[in-house]
*Asks:* 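Can you keep this structure in mind? I'll have questions shortly.
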Amino acid sequence: MIVFDDTKKKILQILNENGRKTLTEIAAKLNITHVAVKKQLMKLIKNKVIKIQPLINPSALNLLLVITLIEAEDFEALQRLKERFSDCPRMVLLASLVGGYNMLALLIAEDMDVVESMNNVCSIRTSKGIRRSEVFMVSELIVPKYINLRLIPSNERKSEITPCGLNCCTCPRFNEHKCLGCPATKCYRGPL
């Protein structure tokens, strides 16, 4: 088990402020060696306490955020949702909840047409086994300002089938230019 001592906390605080700080810069602020900083970071990474990755400001890209609260009928339905949507490139956060709703999904969309498609056609909320759901548009992302997005280079988009098992290329909304498609498919025509 990892103990969060003050040195680890200070290293993470510095990286939270600026993730591009070098080991030498962090070491100078803490009056320790850069080797000691590296050892601390490597220990945290090895024990899966932290993961270093780029974060993106969705408002800088004019992306919309949508929260969907879901009450699945039973444990099996909840498991099916997890399996089906875990690899969705629009999924920023997928979490099990305790309470009236038992799942939360935070998704990104490029425009309101995509939001409509996500909520009515290829949505987690229209999946089998859903008892009820509610959808909320995020008006402002306050904390954190930056989030992890799954960006897939266009040369890696080889399939017409989405990670959730649908075919965007044959979808009527896609063909009527009312949706940009899934960023994981070769037919996607959006900026991500």
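In what follows, residues are counted from 1 in the order of the sequence shown.
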*Asks:* State which residues pass salt bridge (charged side-chain N to carboxylate O under 4.0 Å, His left out) with Lys178; sequence neighbours excluded, sorted by chain then number.
*Replies:* Glu176
*Asks:* The criterion is salt bridge (charged side-chain N to carboxylate O under 4.0 Å, His left out); which residues satisfy it with Asp6, sequence neighbours excluded?
*Replies:* none
*Asks:* Please examine the side chains of Leu180 and Asp111, heavy atoms only from C-beta on, and report whether any two atoms are closer than 4.5 Å.
*Replies:* yes
*Asks:* Answer yes or no: does atom NZ of Lys82 have more than 12 heavy-atom neighbours from other residues, nucleotides or ligands under 6.0 Å?
*Replies:* yes
*Asks:* Identify, with sequence neighbours excluded, every residue that meets salt bridge (charged side-chain N to carboxylate O under 4.0 Å, His left out) alongside Lys43.
*Replies:* none
*Asks:* Taking atom CG of Leu94 and atom CZ of Arg84, what is their separation to the nearest 0.5 Å?
*Replies:* 12.5 Å
*Asks:* With sequence neighbours excluded, give me every disulfide bond (SG atoms under 2.5 Å apart) pair touching residues 137-185.
*Replies:* Cys169-Cys187
*Asks:* Scan for salt bridge (Lys or Arg N to Asp or Glu O under 4.0 Å) pairs involving residues 44-65, sequence neighbours excluded, and state none if there are none.
*Replies:* none
*Asks:* Would you say the side chain of Leu44 lies within less than 4.5 Å of the side chain of Leu12, judging by non-hydrogen atoms?
*Replies:* yes
*Asks:* Is it possible for you to say whether Leu166 and Leu107 belong to one hydrophobic cluster, with membership spreading through side-chain heavy-atom contacts below 4.5 Å?
*Replies:* no
*Asks:* List the residues meeting side-chain contact (heavy atoms from CB on, under 4.5 Å) with Glu134, not counting sequence neighbours, and say none if there are none.
*Replies:* Tyr101, Phe136
*Asks:* Is Arg90 paired with Glu110 through a side-chain N to carboxylate O contact shorter than 4.0 Å?
*Replies:* yes
*Asks:* Please enumerate all residues that pass salt bridge (charged side-chain N to carboxylate O under 4.0 Å, His left out) together with Arg125, with sequence neighbours excluded.
*Replies:* none
*Asks:* Please list, chain by chain and in numerical order, all residues satisfying side-chain contact (heavy atoms from CB on, under 4.5 Å) with Glu17, sequence neighbours excluded.
*Replies:* Gln13
*Asks:* Taking the six-membered ring of Phe75, is the NZ or CZ of Arg80 close enough (under 6.0 Å from the centre) and on axis enough (within 45°)?
*Replies:* no
*Asks:* Under the side-chain contact (heavy atoms from CB on, under 4.5 Å) rule, collect the residues that match up with Ala28, sequence neighbours excluded.
*Replies:* none
*Asks:* Starting from Ile2, can I reach Val37 by hopping between I/L/V/M/F/W/Y residues whose side chains sit under 4.5 Å apart?
*Replies:* yes
*Asks:* Can you name the residues that form a side-chain contact (heavy atoms from CB on, under 4.5 Å) with Thr22, not counting sequence neighbours?
*Replies:* Thr24, Glu25
*Asks:* Does some side-chain heavy atom of Ser127 sit less than 4.5 Å from a side-chain heavy atom of Phe85?
*Replies:* yes
*Asks:* Name the atoms and distances for all side-chain donor-acceptor pairs under 3.5 Å in residues 139-153, with sequence neighbours left out.
*Replies:*
unit_1 : atom_1 : unit_2 : atom_2 : d
Lys145 : NZ     : Leu141 : O      : 3.1
Arg150 : NH1    : Ser86  : O      : 2.6
Arg150 : NH1    : Cys88  : O      : 3.4
Arg150 : NH2    : Ser86  : O      : 3.0

*Asks:* Between Thr185 and Arg157, is there a side-chain donor-acceptor contact under 3.5 Å, judged purely by atom types and distance?
*Replies:* no
*Asks:* Where the side chain of Thr126 meets the backbone of Cys122, is there a donor-acceptor pair that is under 3.5 Å apart?
*Replies:* no
*Asks:* Are the side chains of Lys186 and Glu160 in touch, meaning some heavy atoms are under 4.5 Å apart?
*Replies:* yes
*Asks:* List, one per line, each side-chain donor-acceptor pair under 3.5 Å for residues 55-71, sequence neighbours excluded.
*Replies:*
unit_1 : atom_1 : unit_2 : atom_2 : d
Asn57  : OD1    : Ser59  : N      : 3.0
Asn57  : OD1    : Ser59  : OG     : 2.7
Glu71  : OE1    : Arg132 : NE     : 2.5
Glu71  : OE2    : Arg131 : NH1    : 2.9

*Asks:* Taking the side chain as C-beta and beyond, is there a heavy-atom pair between Asp74 and Leu78 under 4.5 Å?
*Replies:* no
